[in-house]
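Below is one structure; the comments refer to it alone.
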Amino acid sequence: MEVEALLKSFLDLSNETLTAATVVIAASLLLYNLTRNLRDRVARTSSIVLACVTITYICDAFVSLQPSPGVFEAVLRIQWIGIALMPAGMFHLSDALLATTGLPSRGRRRRVSRTLYAIGATFIVAAAFTDILIQPTHNGPDVGMRAGSLFPVYLLYFVLAVGTALINVQRARQRCLTRDT
């Protein structure tokens, strides 16, 4: 029994350490991009992805401080700002990479990007104000979240957006003239 408690304690500490390191690195890169590279489209769009990561992991780090159950639930809902916008941000970044390699959007990828942001905003509203996307679970003093009835739609949105973004990044990579590019 003591070994299990020790292992759980070690894993909790490791998780908190990695979460804090992720927040520090993502926030640092975000601030660097915002202060140095605002004219570069790829830097601007990567800042969106970094902002999503930063928001998500700051909430995760705050949750590890074990706030009251009401605050805990609110923070888990706020965390969905980053979670819901991440697929749109990744697609937007892949579009910027394609444009940088000489394949600008003729309007289609731009419309898809805007649509993905609108869908992400819808998921934020659903997560923040309803229980249709995520539902709180109360196990004594502990609060958690479980998937709601709309969660499979979010999964489809995530898989399609991120899958398309990966295809676009591969297309941009193939368009590079040299390995260093």
Separation of I58 CD1 from T22 OG1 (nearest 0.5 Å)
11.5 Å
Would L150 and L155 show up in the same hydrophobic cluster when neighbours are defined by side-chain heavy atoms closer than 4.5 Å?
yes
Nearest-0.5 Å distance, CG of residue L34 to OG of residue S47
4.5 Å
Rounded to the nearest 0.5 Å, how far apart are CZ of F91 and CG of L166?
11.5 Å
So T45 and V49, side chain to side chain contact (heavy atoms under 4.5 Å, CB included) or not? Walk me through it.
CA-CA 7 Å; T45 56; V49 173; over 6 Å; no
Distance-only check: which donor-acceptor pairs under 3.5 Å involve side-chain atoms of residues 67-82, not counting sequence neighbours?
{"unit_1": "E73", "atom_1": "OE2", "unit_2": "R77", "atom_2": "NE", "d": "3.4"}
{"unit_1": "E73", "atom_1": "OE2", "unit_2": "R77", "atom_2": "NH2", "d": "3.4"}
{"unit_1": "R77", "atom_1": "NH1", "unit_2": "A127", "atom_2": "O", "d": "2.5"}
{"unit_1": "R77", "atom_1": "NH1", "unit_2": "T130", "atom_2": "O", "d": "2.9"}
{"unit_1": "R77", "atom_1": "NH2", "unit_2": "D131", "atom_2": "OD1", "d": "2.5"}
{"unit_1": "Q79", "atom_1": "NE2", "unit_2": "T56", "atom_2": "O", "d": "3.1"}

When you compare the side chain of P87 with that of Y154, does any pair of heavy atoms fall below 4.5 Å?
yes
What is the minimum heavy-atom distance between G120 and A84, and which atoms define it?
O-CB, 3.5 Å
Just one of R41, R106, R110 clears the salt bridge (charged side-chain N to carboxylate O under 4.0 Å, His left out) bar with D95, so which one?
R41
How many angstroms lie between CG in L30 and CD1 in I55, if you round to the nearest 0.5 Å?
9.0 Å
Pairwise side-chain contact, L11 with N15, heavy-atom cut-off 4.5 Å (strictly under)
no
Would you kindly confirm whether L65 and Y57 end up in one hydrophobic cluster when ILVMFWY residues are joined by side chain heavy atoms under 4.5 Å apart?
yes
S64 vs T19, side chain to side chain contact (heavy atoms under 4.5 Å, CB included): CA-CA, chis, key distance, verdict:
CA-CA 9 Å; S64 69; T19 299; over 6 Å; no
Test item: T100 side-chain N/O and A96 main-chain N/O as donor-acceptor pair under 3.5 Å:
yes
Cluster check I48, L93: I/L/V/M/F/W/Y, side chain < 4.5 angstrom
no
Are any non-hydrogen side-chain atoms of V153 and F123 less than 4.5 angstrom apart?
yes
Of all heavy-atom pairs linking A27 and T54, the shortest is N-OG1, 3.5 Å
Assign the ring pair H92 / Y117 to parallel, tilted or perpendicular, where the plane angle (0 to 90°) is split at 30° and 60°.
perpendicular
Any side-chain heavy-atom pair of Y32 and N37 under 4.5 Å:
yes
Yes or no on side chain to side chain contact (heavy atoms under 4.5 Å, CB included) for V169 and M90, after CA distance, side-chain angles and deciding distance?
CA-CA 10 Å; V169 168; M90 291 180 70; over 6 Å; no
Rounded to the nearest 0.5 Å, how far does CD1 of I83 lie from SG of C59?
8.5 Å
Please test N168 against L97 for side chain to side chain contact (heavy atoms under 4.5 Å, CB included), starting from the C-alpha separation and ending with a verdict.
CA-CA 8 Å; N168 286 346; L97 288 171; over 6 Å; no
Kindly indicate whether the side chain of L13, heavy atoms from C-beta on, has any atom under 4.5 Å from the side chain of S9.
no
Between CG on residue D60 and CD on residue E16, distance to nearest 0.5 Å:
9.5 Å
Report yes if the side chains of Y157 and L116 come closer than 4.5 Å at any heavy-atom pair, otherwise no.
yes
Side chain of S46, backbone of A43: donor and acceptor closer than 3.5 Å?
yes
R109 versus L103, closest heavy-atom pair with distance
NH2-O, 2.6 Å
Do the side chains of L50 and L38 join up, straight or via other hydrophobic residues, at under 4.5 Å, putting them in one cluster?
yes
Would you say R173 has more than 12 foreign heavy atoms packed within less than 6.0 Å of its CZ?
no
Is it true that, when you exclude Q170 itself, more than 12 heavy atoms of the residues, nucleotides or ligands shown sit nearer than 6.0 Å to its CD?
yes
Transitive ILVMFWY side-chain link F151 to V162, under 4.5 Å:
yes
Salt bridge check: are D40 and R44 linked by an N-O gap of less than 4.0 Å?
no
So does I134 get a backbone contact from the side chain of R146, meaning a donor-acceptor N/O pair under 3.5 Å?
no
